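Have a look at the structure below before the remarks.
The residues of the chain are indexed from 1 along the displayed sequence. What you see is a predicted model, and the numbers here were worked out from it, not measured in a lab. Computed from heavy atoms alone, side chains included, the values below leave out hydrogens, waters and symmetry copies. All ligand and atom numbering here is 1-based and tracks the order in the structure.
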Amino acid sequence: MRRPWVAGNWKMNGSQAQAQTLLGELSELRELSEIDVCLVPPAPYWLQINDAVKGSSLRVLAQTVSEYDSGAYTGELSSAMLKDCGVSGALVGHSERRQFYAENDYVVAAKFKALRQAGLSPVLCVGETLAEREAGETLSVVSRQLLAVLESQGPEALANAVLAYEPVWAIGTGLTASPIQAQAVHASLRAVVAAFDADCAAALRIVYGGSVKASNAQGLFAMPDIDGALVGGASLQATEFLAICRAAQQAL
Ligand code: PGA
């Protein structure tokens, strides 16, 4: 049985005051001991949030990370800096990074590697655009994105990682992949990993992202290969995020 995993990606939203309020409203999360819950705030709030969640099982993740260790890369943050601030890992390959910051599979794999080398957990995001889905390319696109890491770093690289399937057409649009649509992709992704290492595939948590909310979480979590959620918009509303986390715990 894979331990459910839920993360709230705040994207470029929030303030110190909002973070404080949200953390207060999310205090019930401390009682959900059978799932892993991560908060993914903007970097300026890492320390504040880490301080507030100390002693609980809640973890802080970064939204991205540099593929480089240190040096003249203005504006970038290294894995070592994340670690120094108590951050447990980072998203890599989020579709907004791929789309707006031109991060290709090669760069995403390099970021994944940088996190592993620092002993941090990567969350590899994969997903197809609407045009790719309509062209019947969903599986080839998500497989290619996953293989960029698997072929260069081996299946053991996934040991400490989470894989997030996030169809680009479902992110922030209110459109969600149906549980059956998502399950089909999750099962295919697991099969891609299983071709390298069956045990690694069986243990890998594959979570869904794309307009996950309280009202659709339960249906998604009922699917055998959906092990949790990467939540965007709904993670900024405490009642929604709590309900999603509770649904994950109930799906155990
Ligand atoms: P959304 O975002 O839940 O607002 O669709 C998901 C994500 O981008 O991780």
Side-chain angles (χ1 to χ4, degrees), residues 4-14 18-19 22 26 29 35-43 45-46 49 58-65 87-103 108 111-112 115 121-130 132-133 138 141-142 145-146 161-179 181-183 185-186 189 205-221 223 226-248:
W5 185 98
V6 178
N9 174 12
W10 297 5
K11 309 195 179 184
M12 200 171 73
N13 294 294
Q18 280 172 346
L22 198 52
L26 291 174
L29 285 178
I35 63 172
D36 290 335
V37 181
C38 304
L39 301 176
V40 197
Y45 313 130
W46 289 344
I49 294 171
L58 292 179
R59 297 277 171 265
V60 175
L61 299 178
Q63 296 176 9
T64 183
V65 66
V87 169
S88 305
L91 310 183
V92 295
H94 190 283
S95 66
E96 288 152 17
R97 301 294 312 179
R98 293 183 192 262
Q99 190 181 343
F100 304 135
Y101 299 92
E103 293 183 3
V108 172
K111 288 172 186 266
F112 191 104
L115 286 166
S121 306
V123 180
L124 174 64
C125 305
V126 300
E128 82 287 7
T129 62
L130 185 58
E132 288 163 343
R133 175 162 280 264
T138 299
V141 169
V142 296
Q145 292 171 334
L146 172 58
V162 168
L163 180 59
Y165 168 55
E166 297 206 302
V168 180
W169 49 271
I171 295 180
T173 57
L175 297 173
T176 322
S178 70
Q181 276 176 322
Q183 165 61 26
V185 178
H186 284 226
L189 288 167
R205 287 177 299 182
I206 308 181
V207 305
Y208 170 80
S211 299
V212 176
K213 17 186 199 281
S215 58
N216 58 25
Q218 204 184 355
L220 289 160
F221 297 158
M223 294 291 126
I226 301 184
D227 304 314
L230 179 52
V231 185
S235 72
L236 295 165
Q237 295 166 275
T239 48
E240 280 285 312
F241 192 60
L242 280 172
I244 294 165
C245 292
R246 272 192 231 106

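- Heavy-atom minimum distance, Ser211 versus Asn216: O-ND2, 3.0 Å.
- Under a 4.0 Å criterion applied to the non-hydrogen atoms of His94, ligand 1 contributes the atoms 7 (C), 8 (O), 9 (O).
- For Lys213 and Glu240, the salt-bridge test fails: no basic side-chain N is under 4.0 Å from an acidic carboxylate O.
- Ranking the protein heavy atoms by distance from atom 3 (O) of ligand 1 puts Gly232 N, 2.8 Å first.
- Between Leu175 and Leu130 there is no side-chain heavy-atom pair separated by less than 4.5 Å.
- Taking a 4.0 Å cut-off on heavy atoms, Gly209 fails to register as neighbouring ligand 1.
- Closest to atom 9 (O) of ligand 1 by heavy atom, among Glu166, Lys213, Lys11, is Glu166.
- Applying the side chain to side chain contact (heavy atoms under 4.5 Å, CB included) test between Leu61 and each of Asn9, Val123, Leu39 identifies Val123 as the sole match.
- Remark: minimum distance from atom 4 (O) of ligand 1 to any protein heavy atom is reached at Gly233 N, 2.8 Å.
- Between Ser211 and ligand 1 there is a heavy-atom distance shorter than 4.0 Å.
- Here is the list of ligand 1 atoms found below 4.0 Å of a heavy atom in Ile171: 2 (O), 5 (O), 8 (O).
- Residues Phe241 and Leu29 have side chains in contact (heavy-atom distance under 4.5 Å, counting atoms from C-beta outward).
- Heavy-atom contacts of Gly210 reach the following atoms of ligand 1: 5 (O) (cutoff under 4.0 Å).
- For Ala170, every heavy-atom contact with ligand 1 shorter than 4.0 Å involves the backbone, none the side chain.
- At least one N or O atom of Gly172 sits closer than 3.5 Å to an N or O atom of ligand 1.
- Two residues are said to be in side-chain contact when any heavy atoms from C-beta on lie closer than 4.5 Å; Val60 and Pro41 meet this criterion.
- Smallest separation of non-hydrogen atoms from Ala177 and Ala170: N-CB, 4.3 Å.
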